[in-house]
Amino acid sequence: MEKIKFVKVIINHKSNQTDRAYTYKIPEKLIGKIHIASRIIIPFGKGNRTIEGFVVDIVDHIDIDYEKVKYVKSMVEESDILSEELIDLCRWMKEKYLCKFIDAIQCVIPTGISLKSKKRIVLNKNFKEKELSSYRLSEKQGKIIKLLLDRSHVTEDFLKKYLQDSNINAVIKSLEDKNMIVVKNALKSDVNTAFEKKIRLLDKEDIRILINKVNKNAKKQREVLAYLLEHKEVLWGDIKEKMNVSLSTIQTLSDKGFVEMIEVEKRRDPYKNMDVLSTEALALTKEQTFTIQQIIPYIDKNTYKPFLIHGVTGSGKTEVYMQLIHYLFNQSKEAIVLVPEIALTSQMIERFKGRFGNNVAVLHSKLSLGERYDEWNRIKNGEVKIAVGARSAVFAPFKNLGMIIIDEEHEHTYKSDYSPKYHAIDVAKFRCIQNNGVLILGSATPSIESYQKSLNGEYHKIEMRSRFNNNSLPGMEIIDMRKELEKGNKSIFSACLHEGIMNNLKKGEQTILFLNRRGHSTFISCRKCGYVVKCPNCEISLTYHAASFDAVCHYCGYTKKPPKICPACESKYIKYFGVGTEKIEVMTKKYFPQAKVARLDLDTTSKKGEMDRTLDQFKKGKIDILIGTQMIAKGLDFPNVTLVGVIAADTNLNLPDFRANEKTFQLITQVAGRAGRGEILGNVVVQTYGPDHFVIDCAKDHDYKYFYQQEIMLRKEFFYPPYARLINILFTAENEAQLIKETHNFANMLRGKLLECKMNLREVLHGPHPAPLSKIKEKYRWQIIIKSNPVDQNTIKGIINDIRFDNRGNHFSKDINISIDIDPYSML
DNA sequence: AGCACGCCGACT
DNA sequence: GTCGGCGTGCTC
């Protein structure tokens, strides 16, 4: 007799209490079919409701009561969406980020694919309409029955919308108890494979003879046959458009046995309308060749090897990436290319599609569920060899992964905001080790952590110092805005920047103005009593948007008209302070009425395609001055831009954030890189109130190394990463008093256990205290920050987990949400 | 998540 | 004395 085997299953419930592997028996019919990573359906709970689960292990014996163990019900039709490699990755993520196993799985599989139980409600066959009056029904019950008398069924989701109530379980149950309705449960995913019709010629006999068999009057049928003669098979959508035929024509031909209609899987292609310029490999500079030569041996060797390419903007990193990938192809291995965000993605995608055509799949959040799913499937099925995308593309399910490239590796977008708060570099490293792949991090301004690793040998460092056309880096001018004020210039433009813009307008060259704050005025305040207009849901000040005359909360979107009279002291001296991009736009139009001005920030790009439209206009020279936030700092490559103005370089410099210097240096360097990418030398004007700060100084001289030396000393002195490792535990709740109590409770337990481990409390534990954003969307936020020696972090993670789950009789209220961020990007 | 169990207030 | 409210605890 064959040994009965058991599977360990992670079930698809996002509850802390079900975050463990459940054991199931494998029914005979599934033995040999189920393997690790299979997606299966299992009965769960008292009513044996069916839910989705993922096999994480297969074992021979178990240590729980055999009778208690249930059988696996079936396998999901699309069962192999995960692989053993990815399950291992999830297990690692669970440990590393202290998240639930299922959260890690959700992160790795495409959104929308997981099965949700959807209730379908129909009338009970035994229920007679004429007896309706004999039931005493509540208003809601009556509404549901009335609805069901009109239609065959309703779904739970529909009912929720119809009754405008998300809590409808009770009312459904009550009708079920009265035997009036029947509830059917079905597991469904939000995203499905799309199909389309394909028409194919059945070549039984010579087609020319066939055509003559068709009635001469049936002109359309003959046309279709003639077309098919040439093309053999054709998609219904295509032929419909081209020849204006109706489905009945095809149906007739099919009935006659001339053609057949088959359903084929359809790939929704998000870029089908993109006309890409196909490119050939460019001739390489010496430096590029040298870079590639250093990496290729490791591709050949088939071992894990991480590289940091420190290359100035315009040094031609992308061409290096593409040629490396081309080399990888010869080894029939696949590559993932990560880019920070969507603004950058489109230029990168264009270049990759241009070079590699249909071998590229694209993954990012702006795609629809269906599009993303299909792109993911193209990767899964080996139809493509390259995945280009944002953070989550690091999970691309390639079978033979050879390389992961992370461009602009210092970008904060590689760190996830949602649980698990993973960092794409960590995940990429893990995947490359698993697959013996090459990891390539590229940046002009590497993160302090990465650069340190490249100095201590953990990463192989490669430098690219010269710009592609041998252009020099743009000249930087630092303007002390305090001196401007002394000279009587109260405008937001220094004399120097003003003159530069004027000159550019005369010469017909373009200008970019950068400010990292959107809106018109960043806060509204009473000059008499100091009252500041704040969001009632979030503890932050509202930003004034002049276009709509609204005061808007940038965290929750709360909007109201700004007060004309101070609500606190009833004075009329309400003033608008702080400058945002919207105000810059207004001022620019005022000072340079002859210029064509456009603005790019979150407010102007919320409409789909708006961003590409503006950038296209800019590219065509229809815009003289482009104003924007972060999103114009990165990647844009316009040769006619010869002047970049940084309106206020130090907005972030004085924030209580250990990464403030790093962020500022990176931002100035990046924005500066937008200037002088063409034939003409570029110029950058940086306005600041603190021109002596070493960050400004280093940025001016394009001196990353000196910046690094200064900054790493500060990190050491104040015990910050990479010398320390951070953990941020964020507690949120609506009830502030309870939140504070529970947070302190947690901190006390933590303190006790840390003492047991002989940790230096003063150094390690910070807080609890209100989070820098102490209230967002009606929820109060408190946090505990743990700063430790890198070697101690695992111990501390263990302690946190113990407190979270092992505290029987001392548990934390369900009303309090605990979110753990391991190695947070910043403390803000 | 969702379902059963169990303990308190409003009603027949 | 019972119906039903939802707080609590468990699901292989």
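Quick note on labels: first sequence line is chain A, next is B, and so on, each numbered from 1.
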Whole angstroms only, please: what is the [atom1]-[atom2] distance between [X] and [N]?
| X | N | atom1 | atom2 | result |
| --- | --- | --- | --- | --- |
| A:L187 | B:dA1 | CG | P | 16 Å |
| A:L115 | B:dG2 | CG | C1' | 17 Å |
| A:E52 | B:dG2 | CD | P | 14 Å |

Partners passing side-chain hydrogen bond (donor to acceptor under 3.5 Å, both in side chains) against A:R91 (at least two apart in sequence or in another chain):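 By the side-chain hydrogen bond (donor to acceptor under 3.5 Å, both in side chains) rule, A:R91 matches A:D88.
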Considering residues at least two apart in sequence or located in another chain, which fulfil the side-chain hydrogen bond (donor to acceptor under 3.5 Å, both in side chains) criterion with A:D80?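 Partners of A:D80 under the side-chain hydrogen bond (donor to acceptor under 3.5 Å, both in side chains) test: none.
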Any side-chain heavy atom of A:R372 within less than 4.5 Å of one from A:P110?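 A:R372 does not reach A:P110 side chain to side chain.
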Between the side chains of A:S38 and A:K33, does any donor sit under 3.5 Å from an acceptor?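 No donor-acceptor contact under 3.5 Å links the two side chains.
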So, A:E95 and A:N794: side-chain donor and acceptor under 3.5 Å apart, yes or no?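 Side-chain D/A pair, A:E95 to A:N794: absent.
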Please write out each protein N/O paired with an N/O of nucleotides 10-12 of chain C under 3.5 Å, distance rounded to 0.1 Å.
{"unit_1": "C:dC10", "atom_1": "N4", "unit_2": "A:Q17", "atom_2": "OE1", "d": "3.2"}
{"unit_1": "C:dT11", "atom_1": "O3'", "unit_2": "A:G45", "atom_2": "N", "d": "3.4"}
{"unit_1": "C:dC12", "atom_1": "OP2", "unit_2": "A:K70", "atom_2": "NZ", "d": "2.2"}
{"unit_1": "C:dC12", "atom_1": "O3'", "unit_2": "A:T23", "atom_2": "O", "d": "2.8"}
{"unit_1": "C:dC12", "atom_1": "O3'", "unit_2": "A:K70", "atom_2": "N", "d": "2.7"}
{"unit_1": "C:dC12", "atom_1": "O2", "unit_2": "A:T23", "atom_2": "N", "d": "2.8"}
{"unit_1": "C:dC12", "atom_1": "O2", "unit_2": "A:T23", "atom_2": "OG1", "d": "3.2"}
{"unit_1": "C:dC12", "atom_1": "N4", "unit_2": "A:R20", "atom_2": "NH1", "d": "3.1"}

